Amino acid sequence: MSPVSQRNRETDSAQLPDDQPALVAVRDAGVVRNGRLIWEHVCVDVAAGEFVAILGPNGVGKSTLLKSILGLVPLTSGEIRLLGHAPGRANHQVGYLPQRRTFDASLRIRGRDVIRLGLDGHRWGIPLPGRRSRAAIARVDELIALVDAGAYADRPIGQLSGGEQQRLLIAQALARRPRLLLLDEPLDSLDLPNQAAVAALISRICRAEGVAVMMVAHDVNPILAYLDRVIYLGHGGAVSGIPAEVITSATLTALYGTPIEVLSTSDGRLVVVGQPEAPAHHSDRHGGQP
Amino acid sequence: MTTPTFTWNLIADLRDMWSLPFMVNAFRAGTIVAVLAAIIGWYMVLRRQSFAGHTLAVVGFPGAAAAIWLGLGAILGYFACCLAAALVIAALPSGARRGYREESAVIGAVQAYALAAGLLFIALYKGFLNGTSALLFGSFLGITTRQVTTLAVVTTVVLAVVAGIGRPLLFASIDPDIAAAHGVPTRDLGAAFLVMLAATAAEVGQITGALLVFALLVLPPATAQLITVRPGPSMAVSVVLAAATVWVALFVAYYSPYPLGFWLTSIAFGAYVATAGIAALNGWRRRRPQPVGARA
Ligand SMILES: Nc1ncnc2c1ncn2[C@@H]1O[C@H](COP(=O)(O)OP(=O)(O)OP(=O)(O)O)[C@@H](O)[C@H]1O
Ligand SMILES: [Mg+2]
């Protein structure tokens with residue numbers, strides 16, 4: 001299947017039936033940052049409860065796509081609707097986990113307080129004891145239990161491992177019971193067992209609470225079993241479909257203009273060979289991880 | 001002033017001190033400044049803007065010296081110069097993008113130039129040489145009732161603003177990206193915080209001197225953050241530590257020939273080192289008994 005027909009398929013699915021309105025609708029959107037075109041003609045639709053992965057080489061603008069959905073980066077062409085609103089108008093229904101390494105080791109704030117800020121940190125004033133405060137404390141306890149972070153939620157967050165910090169931040173993103181989670185490389189900096197555990201956790205929450213998930217990922221394998229769809233972002237636009245359709249040699253080769261081979265291992269994992277993502281660049285970003 | 005004599009009856013000593021109006025003013029001014037410094041400094045430490053805080057305080061030195069030379073009074077010079085510097089930093093487009101956290105060579109150059117300019121104004125205002133040490137290293141002499149009133153008004157205004165923006169400011173300080181996604185105006189809050197930091201630096205500089213503002217602006221909050229990780233109690237501990245530092249320092253400085261700034265800094269530093277030492281010892285004890293591989 002060629003990328004062009006993929007994109008047509010995507011446009012067709014834009015006319016979603018009324019009973020399942022798109023949470024996110026990106027229409028022919030384009031972004032220019034610092035005078036440089038990041039991407040254009042991108043069309044993406046995400047429906048309620050869907051688990052979608054966003055893949056693509058470094059610097060192609062995956063993080064920028066999440067930020068423009070949140071209204072943090074303005075579009076230069078096209079349109080984005082989030083829950084039927086302009087970007088930035090419905091962010092209270094979205095949980096966001098930005099791309100990062102870790103909190104500074106000297107940051108003396110508990111994980112519990114970080115989660116609490118996700119719940120009511122945007123409110124003016126200072127938290128005063130009362131009914132609202134008690135409800136917030138109860139909700140924070142609930143979230144800590146949800147991500148199984150009870151053992152370390154009261155320690156300074158800067159001293160926790162990357163995986164522990166990531167779980168607390170997922171809890172923070174869930175604090176306001178969002179309908180959509182935007183997760184920017186949440187599995188980054190996790191070891192393989194933790195990648196599997198966090199991926200399973202996200203998918204469990206996605207199913208149990210009907211939350212749609214858009215997750216930027218570098219390796220599709222830890223989340224392959226849970227995915228409804230993948231979006232492959234290239235400079236020419238986005239290609240979307242079920243993983244087996246999009247992550248194919250033909251689609252990726254056409255998208256990047258260089259020969260790319262996709263191999264499937266016996267246990268169903270996908271290996272992309274000849275990705276236009278220079279391996280040196282990749283390992284640089286991850287700072288000498290094995 | 002006749003040389004005061006220290007007795008071990010501390011109450012009597014305090015009563016003796018407070019019979020002098022300038023000492024009463026010193027205690028009032030010191031306490032007001034300590035409370036403000038403890039709160040704003042708490043955010044400053046969290047936001048890693050110590051360098052900006054120091055720069056703003058150092059800029060107060062030429063401000064005060066120039067205002068004295070022009071006959072306008074040091075207080076006006078402190079506030080005018082510090083606030084102007086804060087507005088300049090806030091207006092720099094690069095500063096806003098990095099959350100004003102940049103510790104660049106530019107700031108170092110500005111600090112050096114501010115000191116040089118201050119010395120020039122002192123030279124221009126002949127016969128003021130004794131005041132140099134007070135402007136740089138603090139003094140408890142000559143604090144007027146009007147100055148105390150000014151400090152109290154500024155402190156009240158700044159603390160009222162903190163009460164209004166405290167929570168989103170904390171969010172923006174810890175996690176600007178997520179805070180922005182939650183609709184927190186992180187840029188505006190950053191600029192507002194710089195202005196509040198400037199007002200605080202101007203106040204603290206009047207007690208500790210321009211070079212020793214960290215005695216109240218960094219050390220009590222940093223010590224408090226070591227003692228507890230809960231934001232509310234940590235701020236309260238910071239206030240108590242800063243106020244205690246000022247009181248003990250004023251008390252000791254009254255009987256000693258050495259400058260107030262030295263005592264303030266020594267006491268605050270001593271508390272910090274002791275706390276950090278205890279914290280390190282606790283951490284070491286907790287880790288030590290565990291044989292290799294016992295922790296998953
Ligand atoms: N704040 C910014 N201002 C200007 N340009 C930016 C900014 N942030 C990112 N860019 C540029 O936008 C492009 C896309 O960046 P983005 O972070 O979205 O890529 P990405 O796909 O998430 O990459 P990675 O896989 O490395 O995270 C890059 O070329 C980058 O240089
Ligand atoms: Mg990215």
Side-chain angles (χ1 to χ4, degrees), chain A residues 63 66-67 69-73 87-100 103-104 106-129 133 136 151 153-159 161 165 168-169 172-173 175-176 178 182 184 193, chain B residues 39 42-43 45-48 50 93 97 99 101 159-189 192 221-238 275-276 279 283 286-287 295-296:
Chain A
S63 304
L66 296 193
K67 285 181 190 159
I69 290 171
L70 286 163
L72 301 176
V73 172
R89 305 298 291 277
N91 283 6
H92 57 281
Q93 304 211 46
V94 182
Y96 176 45
L97 185 78
Q99 183 175 5
R100 73 168 75 234
F103 282 105
D104 193 278
S106 65
L107 183 65
R108 305 277 302 167
I109 287 287
R110 296 177 300 176
R112 178 182 295 280
D113 298 313
V114 172
I115 298 176
R116 173 79 187 262
L117 284 173
L119 191 62
D120 59 12
H122 60 288
R123 290 219 179 92
W124 296 107
I126 45 178
L128 299 170
S133 179
D154 288 309
R155 281 169 44 202
I157 197 164
Q159 293 174 10
S161 78
Q165 294 187 12
L168 291 167
L169 286 171
Q172 187 201 44
R176 293 190 289 179
L182 299 177
D184 201 338
Chain B
I39 300 285
W42 191 87
Y43 279 100
V45 168
L46 207 67
R47 296 172 66 83
R48 333 193 138 272
S50 301
R97 206 168 43 237
R101 279 158 223 235
L159 289 184
V161 174
V162 171
I165 67 172
R167 180 163 42 187
L169 180 63
L170 179 67
F171 200 2
S173 304
I174 293 175
D175 216 326
D177 292 339
I178 298 181
H182 282 226
V184 174
T186 50
R187 267 162 170 260
D188 295 345
L189 283 179
T223 311
Q225 290 185 13
L226 284 179
I227 290 173
T228 169
V229 286
R230 302 159 61 107
S234 168
M235 263 190 238
V237 170
S238 176
T275 311
R286 228 177 291 131
R287 275 193 303 272
R295 274 177 74 160

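In what follows, chains carry the letters A, B, and so on, assigned in the order in which the sequence lines appear, proteins first and then strands, with residues in each chain numbered from 1. Here the structure is a predicted model, which is why all the values come from computation and not from measurement.
With a 4.5 Å cut-off on non-hydrogen atoms, A/Ile109 touches chain B through its backbone and its side chain both. Only the side chain of A/Leu169 comes within contact range of chain B, judged by heavy atoms closer than 4.5 Å. Using a 4.5 Å cut-off between heavy atoms, B/Ala180 contacts chain A through both its backbone and its side chain. For a residue to count as touching a neighbouring chain, one of its non-hydrogen atoms must lie under 4.5 Å from one of that chain's; by this rule A/Ile126 touches chain B with backbone and side chain alike. Looking at B/Val45, neither its backbone nor its side chain comes within 4.5 Å of chain A, counting heavy atoms on both sides. Within the 4.5 angstrom heavy-atom criterion, no atom of A/His92 approaches chain B.
Of the listed residues (A/Asp104, A/Leu107, A/Ile157), the one with the most heavy-atom contacts under 4.5 Å to chain B is A/Asp104. Taking A/Ala173, A/Pro127, A/Gly71, A/Gly88 one by one and counting their heavy-atom pairs under 4.5 Å with chain B, the maximum is reached by A/Pro127. In terms of heavy-atom pairs under 4.5 angstrom with chain A, the leader among B/Pro231, B/Ser234, B/Pro185 is B/Pro231. Of the listed residues (A/Leu70, A/Asp154, A/Leu117), the one with the most heavy-atom contacts under 4.5 Å to chain B is A/Leu117. The most heavy-atom pairs under 4.5 Å with chain A, out of B/Ile178, B/Ile165, B/Leu226, come from B/Ile178.
Taking every heavy atom of both residues into account, B/Arg167 and A/Trp124 meet most closely at NH2-O, 3.3 Å. Contact detail for A/Gly125 and B/Pro168: the closest heavy-atom pair is O-CD, 4.0 Å. Heavy atoms only, all atoms of each residue included: A/Asp113 and B/Val229 are closest at OD2-O, 3.7 Å. Pairing each heavy atom of A/Gly121 with each of B/Val184, the nearest pair is O-CG2, 4.3 Å. Taking both residues in full, the closest heavy atoms of A/Phe103 and B/Asp175 are given as CZ-OD2, 3.5 Å, listed atom of the first, atom of the second, then distance. Heavy-atom minimum distance, B/Ala181 versus A/Asn91: O-ND2, 2.9 Å.
Within 6.0 Å of the CZ atom in A/Arg123, the count of heavy atoms belonging to other residues, nucleotides or ligands exceeds 12.
Of the candidates A/Arg112, A/Arg110, A/Arg108, A/Arg110 is the only one forming a side chain to side chain contact (heavy atoms under 4.5 Å, CB included) with B/Arg230.
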(message) For a side-chain contact (heavy atoms from CB on, under 4.5 Å) check, start with the C-alpha distance between B/Gln225 and A/Ser106, then their side-chain angles and the critical distance, and finish with the verdict.
(response) CA-CA 10 Å; B/Gln225 290 185 13; A/Ser106 65; over 6 Å; no

